[in-house]
> 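My questions will all concern the structure given below.
The chain is numbered in sequence order, starting from 1. Order of appearance sets the numbers: ligands from 1, and atoms from 1 within every ligand. It should be emphasised that the depicted structure is a prediction, and the values quoted were computed from it without experimental measurement.
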Amino acid sequence: MDSKAPDGNAEFSFASNTPRSTGRKGLPKIQTQDHNKKASDVCHDDSGTPVKATTIDELHSLQRKKSAPTTPIKGSQGAFNAIPEEERQKQQVQSISASLASLMRETGPKLVKGDPSRKGEGQQISHHHHYTPTISISDSALKLTHYLYNLSPAELYEQAIKTEKGSFIASSGALATLSGAKTGRSPRDKRVVRDETTEDDLWWGKGSPNIEMDEHTFMVNRERAVDYLNSLDKVFVNDQFLNWDPENRIKVRIVSARAYHSLFMHNMCIRPTPEELEDFGTPDFTIYNAGQFPCNRYTHHMTSSTSIDINLARKEMVILGTQYAGEMKKGLFGLMHYLMPKRQILSLHSGCNMGKDGDVALFFGLSGTGKTTLSTDHNRYLIGDDEHCWSENGVSNIEGGCYAKCIDLSREKEPDIWNAIKFGTVLENVVLDEHTREVDYMDSSVTENTRAAYPIDYIPNAKIPCVGPHPKNIILLACDAFGVLPPVSKLSLAQTMYHFISGYTALPGTEDGIKEPQATFSACFGAAFIMMHPTRYAAMLSEKMQKHGATGWLVNTGWSGGSYGSGKRIKLAYTRRIIDAIHSGSLLNANYKKTEVFGLEIPTEIEGVPFRNLGSCEHLDRQECIQGHPIEAGGSFPEEFRCVHKL
Ligand SMILES: Nc1ncnc2c1ncn2[C@@H]1O[C@H](COP(=O)(O)OP(=O)(O)OP(=O)(O)O)[C@@H](O)[C@H]1O
Ligand SMILES: O=C([O-])CC(=O)C(=O)O
Ligand SMILES: [Ca+2]
Ligand SMILES: [Mn+2]
């Protein structure tokens, strides 16, 4: 990465990276009529060229074209140290066998690549083993496990629809699916192995998100997950990357039972090119997702049927008893919160975008405060919506996709997210019309925490590769249901650190079982994911902000001047204008006054934001109060209306 301004710098130049935003010149015209065609050429049912197949099976085999290799197969090109395709397949089977091996038994698993229901359709059966579907083998040592490796979205759709109840193709083309009983993360069931490696490095005890577990218990759960996965007909394997910073890229393998999980991770992690996949080798970290299978409550430490276990020494994570896909995403984020600070790189629960002049903004905030919504800005380049690293070289996205909340989603307010919900996108726990398969985003019958997971390039102005220079603005988002915080305030470095460490928000949570708004203080705006003590991250943030001259802001995306129940949430359109004024630099130069309560610097006015005293609820518009309070005639600003809400 390079931290220079975009002018003339390929790394940050947009023209080559965003062809979608430019005009589509030079596309061939579609021929709708062939004027040379004579009337006698008109096709009749029996006059077409017959299909080149004599049986139905042959016809079906014609339907599937063999993908041309995207890179020449090196072996056949006579390259020197190239591995022949057959050898590469053998290595892949060995690598995945090693991942799925029981640590207690000497035999197995016996792996076969391909779909068990499509025997003979071009699947590669590993040497010696032959699938014998007529014999039902109960002995795990003899049973074969099929694995489906880095399937494409289309293949994963088919798998999901064939075998996972609750999978539907929504009218938009997205794959609608259910995550089962858990529709949010389970932070009370997130455990981390405490051993010599982690004893001193990690944050333990009161306030820490890391519930400790011992190595032995981890192995019990690991074995349980591996046995479960091997007992299935087939498992999905994804080999992918984390972190767009090439120097700090992490290789991850996800072994899962559901096509939904495989597609989710396909979208959320960085997708390797075929060339990169050839050299993938051994993963740096492996997730075993056996979420349909519970943990055993007789097992030490288990307090429910759910356990999400991280073992940093073994570089493994085991998921039992929850199918909520966000556990995988956030489990890997936890890993980055451990690995990156060890390399002096700050990991951040933040969104990130960049203006046309290369000015980068970070958006911190707890779940639901607006990181995804506000970083997805049609006038700026999206670097990422949720997880980033800030290194000596600048910022890089950890992920390859976005995970947007979609409750009450509308095309008008969030057009880019709306348009990203199309073929390939996973739509979790939404409600759809049983006939038209149209999604009702207002419907929270399954959960308030409905989600869409899509590859970042589904956003037209995504910045690929997802890296950028050092941030200029650090925007702390708080969704304040109590209406205490002003809509925006400028922070000193000390105030930024104070708010970063306390991480205040009050909104309906993502986490399982929390539905009513409640005040939350979550260190680093993501205490559930940090691994070390919050001051460690805060110190790095402070140091980086000082070094690169970044300005801190506190933006309230919730209620202001009146609490939840007595008004409405601040309109997204107004929040966007506040954010625009931060990006443009106009807010930096505005007039400020200090509030008595927090000593916060509050701008006296913001262009396009119809309220005058930003610290109280005299917030008026020509037509309405920003918070939806009733208005009456006779106010002094802007002309004649006044909000009647009394503080
Ligand atoms: N004034 C506002 N500012 C930002 N978001 C708002 C505002 N009013 C309503 N919203 C809604 O709040 C939600 C913010 O969710 P968003 O997905 O951006 O959260 P997030 O911070 O990315 O959370 P997570 O970390 O869980 O992904 C969206 O549904 C958005 O439409
Ligand atoms: O992890 C999830 O479920 C969604 C998310 O981004 C968060 O909660 O911060
Ligand atoms: Ca988000
Ligand atoms: Mn998040």
Side-chain angles (χ1 to χ4, degrees), residues 179 182-187 190 209 264 268 308 322 324-334 337 347-353 362-377 382 384-388 398-399 401-418 420 428-429 441-442 444 447-454 475-481 485 487-488 503 505 507-512 514 517 520 522 524-530 555-560 564 568-579 609 626-628:
S179 69
K182 302 270 175 161
T183 58
R185 282 178 294 101
S186 306
K190 187 193 131 188
F264 177 88
M268 294 308 299
I308 301 113
T322 172
Y324 181 64
E327 298 289 5
M328 294 182 284
K329 164 194 161 70
K330 281 305 205 279
L332 293 176
F333 192 34
H337 268 317
S347 44
L348 305 160
H349 189 210
S350 76
C352 180
N353 67 19
L362 293 180
F363 298 82
F364 287 94
L366 279 174
S367 183
T369 54
K371 292 182 299 300
T372 301
T373 299
L374 298 169
S375 57
T376 308
D377 180 333
L382 178 66
D385 78 320
D386 198 57
E387 306 176 5
H388 289 84
I398 289 174
E399 304 179 288
C402 304
Y403 195 31
K405 272 175 119 26
C406 37
I407 196 71
D408 298 338
L409 182 72
S410 74
R411 188 202 297 262
E412 297 67 41
K413 288 189 202 131
E414 299 182 70
D416 285 343
I417 293 175
W418 179 278
E428 273 178 337
N429 300 319
Y441 290 106
M442 304 298 160
S444 59
T447 177
E448 186 80 26
N449 187 34
T450 54
R451 293 270 179 173
Y454 45 86
I475 302 171
L476 309 182
L477 304 171
C479 177
D480 181 18
L485 293 176
V488 59
T505 240
L507 83 170
T510 295
E511 289 163 5
D512 206 49
I514 300 172
T520 316
S522 180
C524 311
F525 289 104
F529 324 120
I530 59 176
V555 173
N556 177 5
T557 60
W559 286 253
S560 180
Y564 178 83
K568 278 195 223 152
R569 192 170 173 182
I570 297 175
K571 280 188 176 177
L572 182 54
Y574 294 134
T575 301
R576 287 202 196 278
R577 281 185 212 159
I578 291 171
I579 301 285
V609 181
I626 187 172
Q627 289 148 27

> Using a strict cut-off of 4.0 Å, indicate which atoms of ligand 1 neighbour a heavy atom of D386.
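Under 4.0 Å from D386, ligand 1 has these atoms: 25 (O), 27 (O).
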
> Side chain or backbone of L366 under 4.0 Å from ligand 2, or both, or neither, by non-hydrogen atoms?
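Contact part for L366 vs ligand 2: neither.
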
> Show me which atoms of ligand 1 lie under 4.0 Å from any heavy atom of T373.
14 (C), 15 (O), 16 (P), 18 (O), 28 (C), 30 (C)

> Between R569 and ligand 1, find which residue part has any heavy-atom pair under 4.0 Å and reply side chain, backbone, both or neither.
side chain

> Specify side chain, backbone, both or neither for Y403, according to which of its non-hydrogen atoms lie closer than 4.0 Å to ligand 1.
backbone

> Establish, yes or no, whether the cationic atom of K330 lies under 6.0 Å from the six-membered ring centre of F529 and within 45° of the ring axis.
yes

> For D386, what is the atom name of its N, O or S atom nearest to the Mn ion (ligand 4)?
OD1

> E414 heavy atoms, cut-off 4.0 Å: which ligand 1 atoms fall inside?
30 (C), 31 (O)

> Any N/O/S of L366 under 2.8 Å from the Mn ion (ligand 4)?
no

> Could you tell me which atoms of ligand 1, counted from 1 in the order shown, lie closer than 4.0 angstrom to a heavy atom of S367?
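Matching atoms, with element in brackets: 23 (O), 24 (P), 25 (O), 26 (O).
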
> What atoms of ligand 1 come closer than 4.0 angstrom to any heavy atom of R451?
24 (P), 26 (O), 27 (O)

> Using a 4.0 Å cut-off to any heavy atom of H349, which atoms of ligand 2 qualify?
9 (O)

> Mark up the atoms of ligand 1 that fall under 4.0 Å of a heavy atom belonging to I570, in ascending order.
1 (N), 2 (C), 8 (N)

> Would you call the rings of H349 and F333 parallel, tilted or perpendicular if under 30° counts as parallel and over 60° as perpendicular?
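Ring orientation, 0 to 90° scale: tilted.
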
> Below 4.0 angstrom from a heavy atom of L366, which ligand 1 atoms are there? Numbered from 1 as shown, please.
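Under 4.0 Å from L366, ligand 1 has these atoms: 21 (O).
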
> Using the Mn ion (ligand 4) as the apex, give the angle to atoms NE2 (H349) and NZ (K330), rounded to 10 degrees.
100°

> Considering the heavy atoms of H349, write down every atom of ligand 1 situated less than 4.0 Å from one of them.
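Listed by number with element: 25 (O).
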
> Before signing off on this row, confirm whether K371 and ligand 2 have an N or O atom pair separated by under 3.5 Å.
no

> Might you work through the side-chain hydrogen bond (donor to acceptor under 3.5 Å, both in side chains) test for N429 and S179, ending with a clear yes or no?
CA-CA 7 Å; N429 300 319; S179 69; 2.9 Å; yes

